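One structure is given here, and the rest of the page talks about it.
Values below: every heavy atom of this structure, side chains too, minus hydrogens, waters and symmetry copies. Please read these numbers as outputs of a predicted model, since none were measured by experiment.
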Amino acid sequence: MKTKFVPKNIESYLYDFWEKKKFFSPNYKNKEGNFCIVIPPPNITGELHMGHAFQQTLMDIIIRYQRIKGKNTFWQTGTDHAGIATQVLIEKKFFKLKENRKENNKKKLIKKIWEWKKKLNFKINNQMRCLGNSIDWSKERFTLDKDMSIAVRKSFIKLYKNKLIYKSKKLSNWDVSLRTVISDLEVEYRQVSSKMWNICYPIVKDNINNEQEFLVISTTRPETLFGDVAISVHPNDIRYKKYIGKFVCVPLTNRIIPIISDNEIDVNKGTGCVKITPAHDFKDYEIAKRNNLPMINIFKKNGKLRSSLQFFDSNGDQLFDVNFFVPLIFKNLNRYEVRKKVIFEINKLGLLKEEKIIQNVVPYGDRTGTIIEPMLTDQWYLNTKPLSILAIKSVKKGNIKFIPDKYKNVFFSWMENINDWCISRQLWWGHQIPVWYDKKNNIYVGNDENEIREKYKISKDIILTQEKDVLDTWFSSGLWCFASLGWPKQTDLFKNFYPTDVLVTGFDIIFFWVSRMILLSTYLVKDKCGNSQVPFKKVIVTGLIRDEFGKKMSKSQGNVIDPLDIIHGISLSDLIKKRTKFISNKETIQSISNFIKFNFPNGIEAFGTDSLRFYFSFLSTPKQDINWNYSRLKFCKNFCTKLWNASRFVFIYIKEININTENKKINLSFPDQWILIELNELIKKYDFEMKNYRFDVVAQNLYDFFWNKFCDWYLEFSKIIRINQKKIELEGTRYSLKKVLLAILILLHPIIPYITEYIWKEMKKIDSVHNKESILEESFPSVFSIDANEKIIKQEMDWFQKKIIELRNIRIKSHFHPKDMVFLYLKNIDCKNKKYFEKYENYLKKMSFLEEILFLSDEKMEFNNKFKKIDGAECLMLKK
RNA sequence: GGGUGAUUAGCUCAGGUGGUAGAGCGCCUCCUUUACACGGAGGAUGUCGGCGGUUCAAUUCCGUCAUCGCCCACCA
């Protein structure tokens, strides 16, 4: 073994070795049962970030642990097509925004995305290999695979047949830049300061001679006045009660609309008068439905004002288009230009009462960052309420457990207040909805056109066209747990590994993904008895890794830490380039470069995968936010180095004392017994904490045992035994060293696979007793039975270690060099302690560099107050 | 507004079922000793956010306040 531990020298070839030998494939011979994890499929939009690396490491730790425990393990991998995110990315990257989304571009774009997918998939898989993920690559899947499509269609058809999927015209979240609808979850509300205007609406006089009166409404969106259908006040608002039932004239458009009352109006907000724009506001939409008001759509799909307004009744049925309500000057303007102009014109008319700045909350599309426009559109919905009952039940019954438990309540509160899920998207990249229309817009749902024609006996003369919309990407992701295993086919994988055991994911996608998987799985997948199947038995919810200062890592902040850079290292100049790549502001670039130059003057050193993985296991506390911490990462690398060096020592020892200790009754000395007792305790704790998924505690326990017990004490004992050269002792120590090191390697292997495999192989070279090829074939270390009173051994070791520390202290206080040979005088020591001193004299002398231990009674020697106290005895150290 | 989490050594964080506070880094002193200076030996440092309560005993349980965070809802 080389004297220096260099991660890159061992990591790359070991992964190839594992892969070639197919160690990661399911091995149905194992008797301890099956164990499966499906990966949360990374989006093909980009390479893996620290969060992925973190979560995947935890998954790999679990998988490797279960494998060593004798389970037949399988880790399903794959990637997600990530509908919106990917299409946005490719449109931006390769197509000019203006020419996109024309039907003749569709093929080009899809082709480009597939090329991109291939490239990214390669990169992502390579990263996963670097991380040491024990994945069976032959089973890799993609959410747009043909088999996935089968599962998607099967699910859609079943849900449609059972009347849980329906098409409807409703107010939906419209992203004008993407020109698609998005679901409630994809809307992100941001606190912003915006302008609020008070506008006068003239009340229609019931008598020509009456004075002109006005109702003043408050609005942040004056451009929507073209879609006003009423003014509403609270029925008990004494200020406005008298106007209820009268009419106002909408400024600029000269439409007459009624003044109505509604209990939902808040008298304290704005002026207490609300303009009702049902086609562009969710609350107004509800008010319109309650009060049987019409709805007016005023925007085109790109957010520009329509020249002819679309009128609908309160059920969403289109009534007529009217083209004389919008003045020519507003034609073809986008919503913000309209807003500006409306205010300008209204002011000109003297109808603008007030303008002020307020703090309010505005909905944005989470992928595009554009303000969402509520619009009346035809969309496909999944009625989630009936499904949620099954989902809630399976979690309540404990068939699915959340870890940490608190997330259960997050899940319940969302499930109990769930709204119908809008599953259609006006995009190209995704699963096209399996619905066909004839000329009369009759709907046919099925696997393909031929099947439908046959089933409904539709002649070839009738043209059928497929629904152009695709499904929300989360619809297919929601099937991932079972569809990736082969469902609806009863494949070996599905039969053996479903329901899956553990899902490791972040709290940020509990609603997007975890909940939807539970919803769809419990409804769609049943066991032989017809009981709902859960997609996974446990969900481990991890925290989010932030930078050293607790800030979210983001490209625009220039604070992203790339897991590969930690593994392989990166030079200063490359690091600066990488972190400033997505930033345009020169000052920001400068400050980021300065920060990097100051903190990483030599770039980032190569820590290697194992160090990173050991570090990750320390980070896996049940916290919501996890701060990056270089000093701990460094410590983790030091740990690997220590393991390397300690192993080297053990090998030197084993080689030198070449006694065969196999199949032989071994006499264990005091330190041997002690370290094996400690190892037993470690094994028990390790198992317990692994089952609790407290990898931080596992790592801490392993560290503590290995460093503080094995290296600091046991190896020191072994050196003394080596000096003593007593054959019986040497045998015992050689045996124990081997047993303990092997156990440590196996226990550490799930966390730090490379270095443990490497050392294991080295160990095999020196002292081979079996024909296993890899540490992956080792079994979990069993607890050793010790032929001694464990309690007494531990007590005496405790006494011994305390004594050594006391002696070291006396040495330091007496200003002796650590290796000076000294005489130790003990005066008036009690019997019990004297017994121990005599019993462990040899170890004490060697470990503390004592020439002699001398027991004195009172009279023989005066210590002149220079003595220190040990166990009540006076103690003096003198140089030879 | 509803929910939820956090507050422990200078920094980053552990502390299942209450019983004299732990780790890593950092700091101070000493040591290049034949596995390791990415090391060894020794040391300093905490009224465990504030205030109340339960208890023989509370960092741990309950209440309350303060500060910070997250999630959900919300374009008047």
For Lys340(A), enumerate each residue passing the salt bridge (charged side-chain N to carboxylate O under 4.0 Å, His left out) test, keeping only those at least two apart in sequence or located in another chain. none
Where protein sits on nucleotides 35-46 of chain B, one letter per nucleotide: B base, S sugar-phosphate only, - none, heavy atoms under 4.0 Å: BB-BSSSSS---
Please figure out whether Val697(A) or Gln700(A) has its closest RNA chain B nucleotide nearer the 5' end. Val697(A)
Tyr189(A): partners by ring pair (Phe, Tyr, Trp, His ring centres under 6.0 Å), with sequence neighbours left out: none
Whole-angstrom distance between G18(B) and C13(B), as gauged at atom C1': 23 Å
Tyr285(A): which residues meet the ring pair (Phe, Tyr, Trp, His ring centres under 6.0 Å) condition with it, sequence neighbours left out? none
Scan nucleotides 69-76 of chain B nucleotide by nucleotide, 5' to 3', and note B when protein non-hydrogen atoms come under 4.0 Å of the base, S if they reach only the sugar-phosphate, - if neither. SSSS-BBB
Given that both distances must come in under 3.5 Å, which nucleotide forms a Watson-Crick or G-U wobble pair with G10(B)? C25(B)
Separation of the P atoms in A44(B) and C28(B), to the nearest angstrom: 16 Å
Taking only residues two or more places apart in sequence, or in another chain, which ones meet Arg516(A) in a salt bridge (charged side-chain N to carboxylate O under 4.0 Å, His left out)? none
Taking the same atom, C1', in C25(B) and in U45(B), what whole-Å distance lies between them? 14 Å
C1' atom, C61(B) versus U17(B): distance in rounded Å? 11 Å
How would you list, by chain and number, every residue that makes a salt bridge (charged side-chain N to carboxylate O under 4.0 Å, His left out) with Glu548(A), sequence neighbours excluded? none
Between side-chain atoms of residues 411-418 of chain A and protein atoms elsewhere (two or more places apart, or another chain), which donor-acceptor pairs fall under 3.5 Å?
unit_1    : atom_1 : unit_2    : atom_2 : d
Ser413(A) : OG     : Asn409(A) : O      : 3.4
Ser413(A) : OG     : Val410(A) : O      : 3.1
Asn417(A) : ND2    : Ser413(A) : O      : 2.7

Check ring pair (Phe, Tyr, Trp, His ring centres under 6.0 Å) between Phe507(A) and all other residues, then give those that pass, not counting sequence neighbours. none
Looking only at atom P, what distance separates C48(B) and U8(B), rounded to whole Å? 11 Å
Pick the C1' atom in U54(B) and in C62(B), then give their distance to the nearest Å. 7 Å
C11(B) and G46(B): how far apart are their C1' atoms, nearest whole angstrom? 14 Å
State plainly whether the residues Glu806(A) and Lys803(A) are in salt-bridge range, i.e. N to O under 4.0 Å. yes
Nearest of A14(B), U34(B), G24(B) to any side-chain atom of Lys819(A)? U34(B)
For U59(B) versus G50(B), give the span between their C1' atoms, rounded off to a whole number of Å. 14 Å
